Amino acid sequence: MPAKVRVRFAPSPTGHLHVGGARTALFNWLYARHHGGAFILRIEDTDRSRSTEENLGAILDAMRWLELDWDEGPPAAGYRQTERFDLYREHAQRLVAAGRAYYCACSPEQLDAERKAAEARKETFRYSGRCRDLGLTTGALRLRIPDEGTTVVDDMIHGPVTFDHRQLDDWILVRSDGTPTYNFCVVVDDVTMGISHVIRGNDHLSNTPKQVLCYEALDYPVPAFAHVSMILGADRARLSKRHGATSVQAYREAGILPEALVNYLARLGWSSGDQEIFSRAELIERFDIKDVSSSGAIFDQTKLEWLNHEYIKTLDGARLAAAVTPFVTAAGLTPPADARRFVGMLDTLRERGKTLAELVEVGRFYFERPREYDPRAAAKLFTPEGRERLGALRERLARAEPFTAPALEALYRATADAMTVKLGDIAQLTRLAVTGRTASPPIFDVLALLGREETLARLDAARESIR
RNA sequence: GGCCCCAUCGUCUAGAGGCCCAGGACACGGCCCUCUCAAGGCUGAAACACGGGUUCGAAUCCCGUUGGGGCCA
């Protein structure tokens, strides 16, 4: 029987949740949910100078927004590295006692000189191991690495990766000031938390043999590893701020739906046949770490927006309304009090905006009267003749019964015939008068949603503007 | 610099020796639909980095080159 699956995501609260981190978290989460295991959240906050509570809060918030719920982790105690120093100290002592680690008193200057000398000889610098058998009791604690042989990391994505011990240093576990190093904390944490599978970014692959040797020195079973490729910018360099938005929060603020971001991130480097859209349940069912690609993937915002649009098009009306409301408010507008009317408006908008923010932009006229009319269209349509037509339309609309889209369309078609003009002529004229623009949802839907009173008021205002 | 990882359309990918003169999706072009804009339907252009092997046969296996990325400094 395979051991119970326990995976973890370990962000540093030195910034917001990066989309690359979010994808790593997602893969861990999916792996846990697929196998009925546990997903653990651990906070790597040993870098006290750059870690803040605000960042931690923002990360937890982003995780919750993505609905990546954790089975263990904050706010429970013991899931922050700053709360675990006793554990690191204890394990360091064990290694010393077992003779697997030793103190090194070499000064930085000495090491530096050796490094320069090695460079001068065109050799790779590697710590000499001078202090190995001195039996020192202070200084930096180093792990004793075998001189010969290799360590093979059997990666679930990359397969076996061999590292020659001659390339590895006796690396430092604890600095001379007593603080444990990152790689050592990670090993101790993963071991003490019973992590079975370490799914993390590709940037950690090179450090893995050092960690494996540390597990072995500690006489602990080595977990399985899966190194996921990194997310790249358009220039194939690691995705960073200079490429634009990188944080989950930024996408949230841009009006991306969490299910769309999850779907996009899952599909970035992972696939299941030709399928593009996956519900969360399908993702959990289909996800297999073995299907994750070993090559880096460029973050394509255009495709994210396409996916977001797909979700916007199919989202339940009430949920869409709830999701859009903060964006309406943020634009300084107010959604209609009548929830059904609001949903009706959104139904005409959802095909026309790829993000929640765009929905508001494209449907702005629903929430406020046009402040101005498209100048080019106005020059063409708001003529004395246009004014007259608007007047005729106004009279008919005042009597239209019922004031519904199909009825209004019939009315307009009859009117066009009576005026011997094309439907488009009076439809565009009306659109400009009511929305101020030349593009909008079907104009009859718009009029019906706005209601008779508002429609007539806007037609009057438009006629007023024609002088 | 040393070590490690990676390499299919512009992008995300399918492909685990013959099903592939390479399939899907985004983006892009055309046509249709149409009160505008969208959405939708149909359709087009677009890739196995290069060079050697192995094999009857290679996008798929091996070696090298080139290019990109990462880690250690």
Side-chain angles (χ1 to χ4, degrees), chain A residues 111-112 114-116 118-127 150 153 155 157-159 161-169 171 183 201-210 227-239 264-277 290-310 312-314 347-354 358-359 362-363 374 377 381 405 408-409 412-413 415-416 421-432 434-435 437-447:
Chain A
L111 263 13
D112 224 45
E114 285 182 28
R115 180 175 304 120
K116 291 221 171 78
E119 271 169 26
R121 278 176 280 131
K122 299 218 178 210
E123 284 172 19
T124 317
F125 170 71
R126 192 169 161 271
Y127 174 64
T150 58
V153 176
D155 192 273
I157 291 170
H158 295 282
V161 182
T162 305
F163 295 87
D164 195 320
H165 290 167
R166 280 170 298 211
Q167 295 295 333
L168 270 25
D169 270 288
W171 59 288
N183 282 300
N202 209 216
D203 46 341
H204 291 107
L205 182 54
S206 299
N207 286 325
T208 308
K210 297 204 297 192
H227 288 92
V228 177
S229 70
M230 329 207 61
I231 296 185
L232 281 19
D235 58 359
R236 297 221 147 255
R238 180 206 214 121
L239 186 69
Y264 177 74
L265 256 15
R267 265 298 276 105
L268 194 62
W270 173 82
S271 62
S272 178
D274 284 342
Q275 191 169 337
E276 295 286 348
I277 297 176
K290 289 173 192 65
D291 295 329
V292 173
S293 165
S294 49
S295 55
I298 293 173
F299 192 89
D300 183 357
Q301 186 157 335
T302 308
K303 187 156 183 181
L304 201 212
E305 288 182 359
W306 167 77
L307 248 179
N308 199 51
H309 197 193
E310 292 300 306
I312 284 179
K313 282 190 287 187
T314 54
D347 281 338
T348 72
L349 259 21
R350 63 207 308 169
E351 282 165 9
R352 284 162 245 270
K354 291 179 164 58
E358 271 181 36
L359 247 35
V362 102
D374 180 271
L381 298 172
L408 293 173
E409 177 163 0
Y412 265 70
R413 288 191 187 278
T415 306
V421 297
K422 282 187 285 197
L423 175 62
D425 294 334
I426 50 177
Q428 250 342 51
L429 179 63
T430 307
R431 187 178 333 269
L432 184 65
V434 170
T435 72
R437 304 177 189 180
T438 57
S440 84
I443 192 62
F444 311 117
D445 289 322
V446 171
L447 300 188

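Residue numbering restarts at 1 for every chain, and letters A, B, ... go by the order of the sequence lines. Just so it is clear, the structure is predicted and the values come from calculations on it, not from any experiment.
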J.: Any strand counts, and the cut-off is 3.5 Å on both contacts for Watson-Crick or G-U wobble. Which nucleotide pairs with G64(B)?
T.: C50(B)
J.: Taking C21(B) as the reference, what is the distance to C37(B) when you measure between their C1' atoms (whole Å, please)?
T.: 41 Å
J.: Does any non-hydrogen side-chain atom of Thr438(A) lie less than 4.5 Å from one of Arg431(A)?
T.: no
J.: Mind checking if Arg238(A) touches a base, just sugar-phosphate, or nothing, with heavy atoms under 4.0 Å?
T.: sugar-phosphate
J.: Just compare C6(B), G24(B), C4(B) and give me whichever is closest to any side-chain atom of Phe163(A).
T.: C4(B)
J.: Which nucleotide, A27(B), C12(B), A7(B), lies nearest any side-chain atom of Lys303(A)?
T.: C12(B)
J.: Going from CZ on Phe299(A) to OH on Tyr264(A), what distance comes out if it is rounded to the nearest 0.5 angstrom?
T.: 5.0 Å
J.: Mind calculating the distance between CZ (Phe299(A)) and C1' (C26(B)) to the nearest angstrom?
T.: 13 Å
J.: Between G2(B), U11(B), A73(B), which nucleotide gets closest to the side-chain atoms of Gln167(A)?
T.: G2(B)
J.: Report the distance from atom CG of Leu268(A) to atom C1' of C6(B), rounded to the nearest whole Å.
T.: 15 Å
J.: Applying side-chain hydrogen bond (donor to acceptor under 3.5 Å, both in side chains), name anything that partners Asp203(A), two or more places apart in sequence or on another chain.
T.: Arg238(A)
J.: Taking the same atom, C1', in U60(B) and in G15(B), what whole-Å distance lies between them?
T.: 8 Å
J.: Under the criterion side-chain contact (heavy atoms from CB on, under 4.5 Å), I'd like the reasoning laid out for Val362(A) against Arg352(A): C-alpha separation, chi angles, the key distance, then a yes or no.
T.: CA-CA 7 Å; Val362(A) 102; Arg352(A) 284 162 245 270; 4.1 Å; yes
J.: Just to be sure I understand the rule, does Ser206(A) reach a base, reach only the sugar-phosphate, or reach nothing, if contact means heavy atoms closer than 4.0 Å?
T.: base
J.: Check if the side chain of Asn202(A) and the base of G70(B) share a donor-acceptor pair of N or O atoms closer than 3.5 Å.
T.: no
J.: Look through every strand shown and name the nucleotide pairing with G57(B) as Watson-Crick or G-U wobble, where both distances are under 3.5 Å.
T.: none
J.: Considering only U13(B), C72(B), U11(B), which nucleotide approaches the side chain of Ile298(A) most closely?
T.: U11(B)
J.: How many Å lie between CG on Leu265(A) and C1' on C26(B), as a whole number?
T.: 16 Å
J.: Test Lys422(A) against Asp425(A) for salt bridge (Lys or Arg N to Asp or Glu O under 4.0 Å), laying out the working first.
T.: CA-CA 5 Å; Lys422(A) 282 187 285 197; Asp425(A) 294 334; 5.6 Å; no
J.: Would you classify Gly201(A) as touching base, sugar-phosphate or nothing, given that sugar-phosphate means primed atoms plus P, OP1 and OP2, and contacts are heavy atoms under 4.0 Å?
T.: nothing
J.: Expressed as a whole number of Å, how far does the P atom of C26(B) sit from that of C62(B)?
T.: 34 Å
J.: Taking NE2 from His204(A) and C1' from C4(B), how many angstroms apart are they, rounded to a whole number?
T.: 14 Å
J.: Identify which nucleotide among C26(B), C4(B), C6(B) has an atom closest to any side-chain atom of Val161(A), counting heavy atoms from C-beta outward.
T.: C4(B)
J.: For C9(B) versus U65(B), give the span between their C1' atoms, rounded off to a whole number of Å.
T.: 24 Å
J.: Residues in side-chain hydrogen bond (donor to acceptor under 3.5 Å, both in side chains) with Glu409(A), at least two apart?
T.: Arg413(A)
J.: Closest to the Ser271(A) side chain: C6(B), U13(B), C26(B)?
T.: U13(B)
J.: Would the distance check show the side chain of Arg236(A) and the main-chain N or O of Leu232(A) forming a donor-acceptor pair, the cut-off being under 3.5 Å?
T.: no
J.: Counting only Watson-Crick pairs (N1-N3 plus N6-O4 or O6-N4) and G-U wobbles (N1-O2, O6-N3), all under 3.5 Å, who is the partner of U11(B)?
T.: A25(B)
J.: Between G44(B) and G23(B), how many Å separate the two P atoms, rounded to a whole number?
T.: 11 Å
J.: Taking only the P atom of each, what is the distance from C19(B) to A59(B) in whole angstrom?
T.: 9 Å
J.: Go ahead and name the base partner of G40(B); Watson-Crick or wobble counts if both distances stay under 3.5 Å, otherwise write none.
T.: C32(B)
J.: For Gly296(A) and for Asn207(A), find the nucleotide of RNA chain B with the closest heavy atom, then tell me which residue's nucleotide is more 5'.
T.: Gly296(A)
J.: Would you mind pulling out the nucleotide paired to C19(B), Watson-Crick or G-U wobble, both distances under 3.5 Å?
T.: none
J.: Just how far, in rounded Å, is P of C71(B) from CG of Asp203(A)?
T.: 6 Å
J.: For Arg236(A) and C12(B), is the shortest distance between a side-chain N/O and OP1 or OP2 below 4.0 Å?
T.: yes
J.: Side chains of His227(A) and Ser294(A) only: does a donor on one sit below 3.5 Å from an acceptor on the other?
T.: no
J.: Do nucleotides 31-50 of chain B as a string where each nucleotide becomes B, S or -: B if the base has a protein heavy atom under 4.0 Å, S if just the sugar-phosphate does, - if no protein is that close.
T.: ----BBBBSS----------
J.: With rounding to whole Å, what would you report as the distance between A7(B) and G64(B) at their P atoms?
T.: 16 Å
J.: Using atom C1' in both nucleotides, what's the gap between C31(B) and G70(B) to the nearest angstrom?
T.: 48 Å
J.: To the nearest Å, how far apart are Leu232(A) CG and C5(B) P?
T.: 17 Å
J.: Could you give the CD1-to-P distance, from Ile231(A) to G68(B), as a whole number of Å?
T.: 22 Å
J.: Side-chain N or O of His158(A) versus OP1/OP2 of C6(B): is the shortest distance under 4.0 Å?
T.: yes
J.: Are Glu276(A) and Arg267(A) within salt-bridge range, i.e. N to O under 4.0 Å?
T.: yes
J.: Can you tell me the Watson-Crick or wobble partner of C3(B), both distances under 3.5 angstrom?
T.: G70(B)
J.: Let me spell it out: for each of Ala297(A) and Met230(A), pick the nucleotide of RNA chain B with the closest heavy atom. Which residue's pick is nearer the 5' end?
T.: Ala297(A)
J.: Taking CG from Leu205(A) and C1' from G69(B), how many angstroms apart are they, rounded to a whole number?
T.: 12 Å
J.: Answer yes or no: is there an ion pair linking Glu310(A) with Lys354(A), defined by an N-O contact shorter than 4.0 Å?
T.: no
